[in-house]
Student: 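To start, I am sharing the structure in question, which I have written as structure tokens.
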Amino acid sequence: MNSGAGSRPKLAVWKFASCDGCQLTLLDCEDELLEVAGRVEIAHFLEASSARLAGPYDLSLVEGSITTAHDVDRIQEVRAESKSLVTIGACSTAGGIQALRNFSDLDELLSVVYATPSFLSTLDTSTPISDHVPVDFELRGCPIDKRQLLEVIGAFLAGRKPNVPDHCVCVECKARGNPCVLVAHGTPCLGPVTHAGCGALCPAFNRGCYGCFGPMESPNVESLICALTEMGMPPEDVDRVFHTFNAWSEPFRHAGRREERP
Amino acid sequence: MAMMLSLDAVAALVDHLRNDGRKVIGPVLRNATISLDEIDGVDDLPAGWTEHQDGGSYRLERLDRPELFGHATPALPWKSWLYPPRTMLMRANRDNGSVTIEKPTPGAEPFAFFGIRSCDVHALDILDRVFLDPADPTYTARREKLFVVAATCARPGGTCFCVSMGTGPAPSIGYDIALTELWAGDRHEFLARAATDRGRALLGRLEGRAPTEADLAAADHLVGNATQNMGRQLDPTHPTAAAERYEHPQWEAVARRCLACANCTMVCPTCFCSTTEDTTDLSGAVSERWRRWDSCFALDFSFLAGAPVRSSTKSRYRQWLLHKLVTWHDQFGTSGCVGCGRCITWCPVGIDLTAEMTALALDPGGPS
Amino acid sequence: MTHKAKPSRTLATSELARVEGEGAMRVEIRHGRVDEVQLNIYEPPRFFEGFLRGRRYSEPPDITARICGICPVAYQMSACRAIEDALGLQVNGQLRELRRLLYCGEWIESHVLHIHFLHLPDFFGLDSAVDLAGINRPAVERALALKKIGNELIELIGGRAIHPINVRVGGFYKVPTRRELVAFRPKLEHAREMAAEVVELVGGLDFPELEVEHEMVALRHPREYAILDGRITSDGGLDITEQEYPEHFVEEHVEHSTALHSQIRARGTYLVGPLARYRLNSDRLTTVAADAAGAVGLTSDCRNPFRSIVVRAVETLDVIEVGLAIVDAYDEPDRPHLEATIGAGTGHGATEAPRGLLYHRYTLSDDGVIADAVIIPPTSQNQAAIEDDLARYVQANIGLDDEDLRKGAEVTIRNHDPCISCATHFLDLTVVRT
Amino acid sequence: MPADSDESTGRGPMTPVLYRVEARHQELADTVTIRIAPVTERLTDPEPGQFEMLLAFGVGEIPISISGLGDGGGELEHTIRSVGAVTKALCTSAVGDLIGVRGPYGVGWDLDRATGHDLLIVAGGLGLAPLRPAMLEALANRHRFGRLVLLVGARDPGSLMFVEELERWRGRFDIDVAVTVDAAPPSWRGDVGVVTKLLSRAPVNFGNTTAVVCGPEVMMRFVAAGLADRGVPPGQIRLSMERNMRCAIGHCGHCQLGPEFVCKDGPVFPWDRMEKLMLVRER
Ligand SMILES: Cc1cc2nc3c(=O)[nH]c(=O)nc-3n(C[C@H](O)[C@H](O)[C@H](O)COP(=O)(O)OP(=O)(O)OC[C@H]3O[C@@H](n4cnc5c(N)ncnc54)[C@H](O)[C@@H]3O)c2cc1C
Ligand code: SF4
Ligand code: SF4
Ligand code: SF4
């Protein structure tokens, strides 16, 4: 994305089923926000601006998962209008927490929440954007990390690869100087199978990683489950710990007892 | 030069180091471990604490007397202070077709390592062979000013095997002052030996008495005990035997357990691998190059022409183990392992390199 | 008369900008009178209440945070309090103070965001805070600085600004040291100065006339401007405990929306949020905040939703002052959290999210697994009130052309800062005139 | 203690020197040769087979072999295939652009030790780039070698590089040049097939030959094995290896290949040090 004077690249932010936290991360870049706004033209970002400029867009950030028939079409339009499309957050990269519906019976869920489920039109799955259109880069996290978001935007502007390593949380954990909570406290931790990016926040707060960045590059879930089980974690808790915000991503999908719905 | 120091004199030793403008790094209680951090004085040391270490497990335990050095290796390696997890390599400012390159001057605060064990001192010697030629500016600047106060290991951990590696338990090289903590009933003293001029000069500033034969014998006895009590061992002939067994079934077996999480490399006092990252500010005018710790367990580490060379966990573990114990000798004239046992303790699934090596060496394991 | 009424005109915006989340609005005007107003909430439902069944009692603080990225702390606090209620656990003393402090961080962040990014541009006829920076950069820079302090406070206690990781049933995983909190004091002091300036700035705006008559509902605490706990009260005489909530409020599912409408039983529409809080609690403000409110003429009988921006600014100043007091009195608790004894039970928790009352209810079985969960976010509670405001606004401005009318209607909605994603939703405006 | 050559220049070993792009030649659709010259400080002249670390500011730094030397002014030529972000940035750099350079690094072809031997140069694809300076050096010192043979393999005629030069060399009586492609249109008059096929026809005395080989790893393995079979002493078969590299000075650990650091022990290695290693998968 090369920008001569006067032609700033156009940035668009799109929302699908999500909590808004990932796009809020952009507004949370307090120190950089005005600079970003100067470097790119914010062409579509409904959380921040009523102005809506027509495409094509140089960079689209997409938040949220696909859960309705309408969104199945809308993501195609977004892709067609975007030179680069980057998905941000667990919803858009893995289906999000709402992908738990993929494991259970939708009608049952509907009736728990709504008195008159027939008013609703929704798909019975929540799926990541990459199931529907080609994606240029996936930024993980529930929510995404703000330094990483700036890094991705900066990398796209500079035409380089974002420095977003795919190794696990443990690498960050040790670089931060945390002793391992799994080894030292016997606290279950998903760090060894979870994608880095958060900076090993949970272990720094004496808590086990709960997997909000989804699976790392080569997750050995089976081996970790053995270790967790040996530490005394019952199978239903193993199941729960893998089935949160990235439940639908492989191989978390098959971890524990909760199997993918046939 | 040897001298018997009281606890107060040891406290004064730390104070002198600090007053001389050094940051003193030493063992501290942190997050239910004996970890490392800057200390303000001997009060910050984990007096009366030890720990139980085993494959994949670490638990603090109380001692019945306030030993300063009653523990084994701290949870984290000392290397972080000489070779930080992240270092800026350079910054380039681009302006209208011209480029200026700034090289950061290594912030060379002088450090003192206090209470470092012999295995870890040997690890510094190994890192020297990596980073002193050609000289890494950050490492060199910090290393040259480092003051080393070593401590003799009295209670080796359950995963220690320095005796096998010839690196301990008594400090033998690379220290300015070595302390051996001695108890005679309730009398709590330290036998201090200085090995360098600055070590001798510093001892000269302390109050103490000359050691007696009995003191020296007690220190020897303590070392003898520690030598007998190693939690693990590694047969020095095994690495050579296993060196070319690339397709041994044991590699597959360990790969089923190995998480490729890199904890072993991160906590290892000699693992030195790094990668570089280029960052840009949003305007693109300022770019920086950073070096950060990397690990041979990361897929990206061996990325080449579209795919990692070492994509299986088997090949990554094999690279690590064979590098540590075999090819390190070819490269640096020493083993890459000092027997500190950290990689065993801190492996979340308790993979034990001594056990892996034994399995590889004892059974030819089919065609190699 | 030669003038014939236009048969029908339809205006549509596909997304209503600058509300968090998305929704749509449809106004039908028949013969010059507002016939129907619908706030269409059709963001795909995310079924949190369904997913929570079968999870352990310890999970809702992390799971429900994901309902809304703008007020995750509110979800965590209501969830913790409801579960603690079910388990018979009382979190008091410094742990409660730390929770309030964390919540203060979220109020600062959320209010400053709403004031400057979502609401203020409307008053200048601008599209965004970035445009606002074009005419008043210092104000936007100040907003960013203030918001950042709010976020940093959440990070200090919660570990992360969005979906904090340090909150658990019974307290926290790790508590900050006194030194860490004291080190934060100068930032709060700076924030206090900035917040006072924000009150002045928004206090001086021109506000369209509009008076609403809804019953106003908010928590009330014996000593504090209630955030974390208190009785549920209203200016219509309601004064109940959180446990009594289900007896007094009902939710219904209307066809045009995936948000559930909440009503006071037998009385109907009510309003939660800043106006309601201020109306019921202005006597509990800190002196600094009360003085600032007085100086800009904000009185406790304020019923003009446009002025909610001033209330938010006053509340921002108030929570900063409260935060300073908490920091000064902080004494590191011995344990970061209380241990719960697991057992069956039902618990209720209501706290004041920045947008208004947020109610959670959980029923646990004896192994600590959730058998039933109910979450009633402020947006559901306000939806009927917002529709009512819209009807009034459109009626009062029926002469405007559609474009202006739409803009005004959008502002009317934004007055209430509907966190659409709390109700998990999306807005779109259609005006049909016949 | 640290014997750091950079100490004298006040640079750290990881600090690049500025070079300016002087000329740019599009070799193939995805491959460009750039000629760069020092802006002020000039690096040591490289040996054929050595490489340099080229830094595209803000994008990244990568190892690139020397594909040619200028005429004494410190110019360097690099032939780069655009495969990713950094190579793309370098390939699209314009004349006048500044890049950062460190080096030269590694062990070169070391043709001195081939004096008196027949010299066999075997290139596959882009592998011709690092071999070009070897060829030029051999030509400049033609009298020092016996037969001089160049075997070039490419995917197809369209992906042959340095075509004009190849033509010129082909025309000389004192060199044998043979070119083969994997696939060719009917108009192609040269050989078709993998480069190993040309080995048996190479007019050299295998027992007294030094071979320098560069190309994809499999190709080098087959060529080296083939040459060893024909009697070339393994120590006289030299291959240029490639590994991921971050520092080029043995600090980053990435380029390890068994006991070797490709950056400082290589990239050029004799076959006797590579043979076993190259048979191990994922080594
Ligand atoms: C000693 C040596 C000499 C080399 N000489 C040349 C040369 O003369 N001309 C030339 O075009 N290339 C040469 N290369 C390869 C060149 O370094 C890589 O193509 C380059 O690093 C890719 O960087 P990138 O950012 O463009 O690609 P990336 O975005 O990093 O990756 C794109 C592709 O290149 C591969 N790659 C990444 N890093 C390396 C690496 N360090 N080495 C090899 N492949 C890599 C990746 O596997 C991927 O398929 C040489 C490599 C070495 C080690
Ligand atoms: S605490 Fe968790 S993230 Fe950190 S090293 Fe241990 S397993 Fe990894
Ligand atoms: S390999 Fe293991 S035992 Fe050896 S030095 Fe490293 S961490 Fe210590
Ligand atoms: S050996 Fe253990 S610590 Fe090392 S990568 Fe494998 S699982 Fe992680």
Side-chain angles (χ1 to χ4, degrees), chain B residues 89-90 92 94 97-99 101 103-104 106 130-140 144 244 246-247 271-280 284-289 291 294 296 300-306 308-312 314-316 318-319 322-323 326-331, chain D residues 1-7 10-18 20 39 53 55-62 81 83-86 94 96-100 216-217 241-261 264-265 276-277 279-283:
Chain B
L89 296 173
M90 62 150 238
R94 271 178 293 173
S98 81
V99 177
I101 295 175
K103 162 184 113 159
V130 179
F131 286 128
L132 292 185
D133 183 20
D136 174 70
T138 307
Y139 183 88
T140 316
E144 279 168 352
E244 293 193 352
Y246 300 119
E247 301 302 336
C271 273
F272 60 84
C273 291
S274 64
T275 189
T276 45
E277 289 180 345
D278 291 83
T279 63
T280 37
V286 182
S287 54
E288 291 175 354
R289 305 204 78 225
R291 175 178 72 186
D294 200 356
C296 53
D300 231 17
F301 191 80
S302 63
F303 208 64
L304 190 73
V309 172
R310 294 186 281 271
S311 59
S312 68
K314 162 189 159 181
S315 65
R316 286 181 266 160
R318 186 177 66 189
Q319 162 65 24
L322 293 184
H323 183 218
V326 180
T327 56
W328 210 292
H329 285 281
D330 302 300
Q331 297 169 348
Chain D
M1 273 319 272
D4 178 14
S5 58
D6 293 307
E7 208 85 305
R11 272 193 298 115
M14 293 292 282
T15 321
V17 165
L18 285 177
R20 177 169 281 113
V39 172
M53 294 299 282
L55 170 64
F57 289 102
V59 187
E61 189 189 51
I62 52 165
R81 172 163 298 162
V83 295
V86 184
D97 283 358
L98 295 179
I99 63 175
E217 218 171 287
M241 300 301 293
E242 194 182 336
R243 277 295 177 272
N244 195 316
M245 262 177 213
R246 296 282 146 187
C247 73
I249 54 175
H251 287 179
C252 80
H254 282 251
C255 70
Q256 289 176 72
L257 178 56
E260 317 285 359
F261 280 101
K264 52 180 194 185
D265 304 325
K276 268 192 194 158
L277 287 171
L279 289 172
V280 182
R281 291 206 335 269
E282 299 192 81
R283 185 63 160 119

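Protein chains get the first letters and strands the later ones, always in sequence-line order, with residue 1 at the start of each. Quick note: numbers below take in every heavy atom, side chains included, and nothing from hydrogens, waters or symmetry partners.
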Student: Shortest non-hydrogen contact from D/P13 to B/A135?
Tutor: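 Smallest interatomic distance, heavy atoms only, reads CG-O, 3.1 Å.
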
Student: List the atom of B/S311, the atom of D/E282, and the distance in Å for their closest heavy-atom pair.
Tutor: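 Looking at all heavy atoms of both residues, the closest pair is N-OE1, 2.7 Å.
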
Student: Within the structure provided, determine whether D/R246 and B/D294 are in side-chain contact (heavy-atom separation under 4.5 Å).
Tutor: no

Student: Using non-hydrogen atoms only, which part of D/V39 is less than 4.5 Å away from chain B: side chain, backbone, both, or neither?
Tutor: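 Answer is neither: D/V39 stays 4.5 Å or more from chain B.
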
Student: Can you name the closest pair of heavy atoms from D/F57 and B/A92 and give their distance?
Tutor: CD2-CB, 3.4 Å

Student: Between D/N244 and B/L304, which heavy-atom pair has the shortest distance, and what is it?
Tutor: N-CD1, 3.7 Å

Student: Given that the side chain runs from C-beta out, which part of B/S302 has a heavy atom under 4.5 Å from chain D: side chain, backbone, both or neither?
Tutor: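 When you check distances to chain D, only backbone atoms of B/S302 fall under 4.5 Å.
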
Student: Under a 4.5 Å heavy-atom cutoff, which of B/L89, B/T279, B/V309, B/L322 has the most pairs with chain D?
Tutor: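 It is B/V309.
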
Student: Between chain D and each of B/S274, B/C273, B/P137, count heavy-atom pairs under 4.5 Å; write down the option with the most.
Tutor: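 Between B/S274, B/C273, B/P137, the count favours B/S274.
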
Student: With sequence neighbours left out, what residues match D/V83 under side chain to side chain contact (heavy atoms under 4.5 Å, CB included)?
Tutor: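 Partners of D/V83 by the side chain to side chain contact (heavy atoms under 4.5 Å, CB included) criterion, ordered by chain and then number, come out as D/R81, D/T87.
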
Student: Nearest 0.5 Å, what's the CZ-CG distance between B/R289 and D/L55?
Tutor: 5.5 Å

Student: Heavy-atom pairs under 4.5 Å with chain B: which of D/E242, D/R20, D/K276, D/E61 has the most?
Tutor: D/E61

Student: Taking the side chain as everything from C-beta on, heavy atoms only, tell me whether B/R291 gets closer than 4.5 Å to D/C247.
Tutor: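 No, side chains not in contact.
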
Student: Which label fits B/F131 and D/H251: parallel for a plane angle under 30°, tilted from 30 to 60°, or perpendicular past 60°?
Tutor: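 Plane angle over 60°, so perpendicular.
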
Student: Is the shortest heavy-atom distance from the side chain of D/R283 to the side chain of B/R310 under 4.5 Å?
Tutor: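 Of all side-chain heavy-atom pairs linking B/R310 with D/R283, none is under 4.5 Å.
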
Student: If I measure from the heavy atoms of chain B, does D/L277 come under 4.5 Å with its side chain, its backbone, both, or neither?
Tutor: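 When you check distances to chain B, only side chain atoms of D/L277 fall under 4.5 Å.
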
Student: Is it the backbone or the side chain of B/H323 that comes under 4.5 Å from a heavy atom of chain D, or both, or neither?
Tutor: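 Answer is side chain: those atoms of B/H323 sit under 4.5 Å from chain D.
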
Student: Kindly give the heavy-atom pair with the smallest separation between B/R318 and D/R281, and that separation in Å.
Tutor: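 Looks like NH2-O, 2.8 Å.
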
Student: Are any of the side-chain heavy atoms of B/I101 and D/P16 separated by less than 4.5 Å?
Tutor: yes

Student: Starting at CG of D/L98, measure out to CZ of B/R94 and round the result to the nearest 0.5 Å.
Tutor: 10.0 Å

Student: With a 4.5 angstrom heavy-atom cut-off, is it the side chain or the backbone of B/T280 that approaches chain D, or both, or neither?
Tutor: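 Side chain only.
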
Student: Measuring from B/D330:CG to D/E260:CD, what's the distance to the nearest 0.5 Å?
Tutor: 8.0 Å

Student: What closest approach, in Å, do D/M14 and B/T276 show between heavy atoms, and which atom pair accounts for it?
Tutor: CE-CG2, 4.2 Å

Student: Would you mind checking which part of B/R316 comes under 4.5 Å of any heavy atom in chain D, side chain (CB onward), backbone (N, CA, C, O), both or neither?
Tutor: neither

Student: Between CG of D/L257 and OG1 of B/T327, what distance do you get to the nearest 0.5 Å?
Tutor: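 If we round to the nearest 0.5 Å, D/L257:CG and B/T327:OG1 are 10.5 Å apart.
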
Student: Would you mind checking which part of D/I249 comes under 4.5 Å of any heavy atom in chain B, side chain (CB onward), backbone (N, CA, C, O), both or neither?
Tutor: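 Backbone plus side chain of D/I249, per the 4.5 Å heavy-atom cut-off to chain B.
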
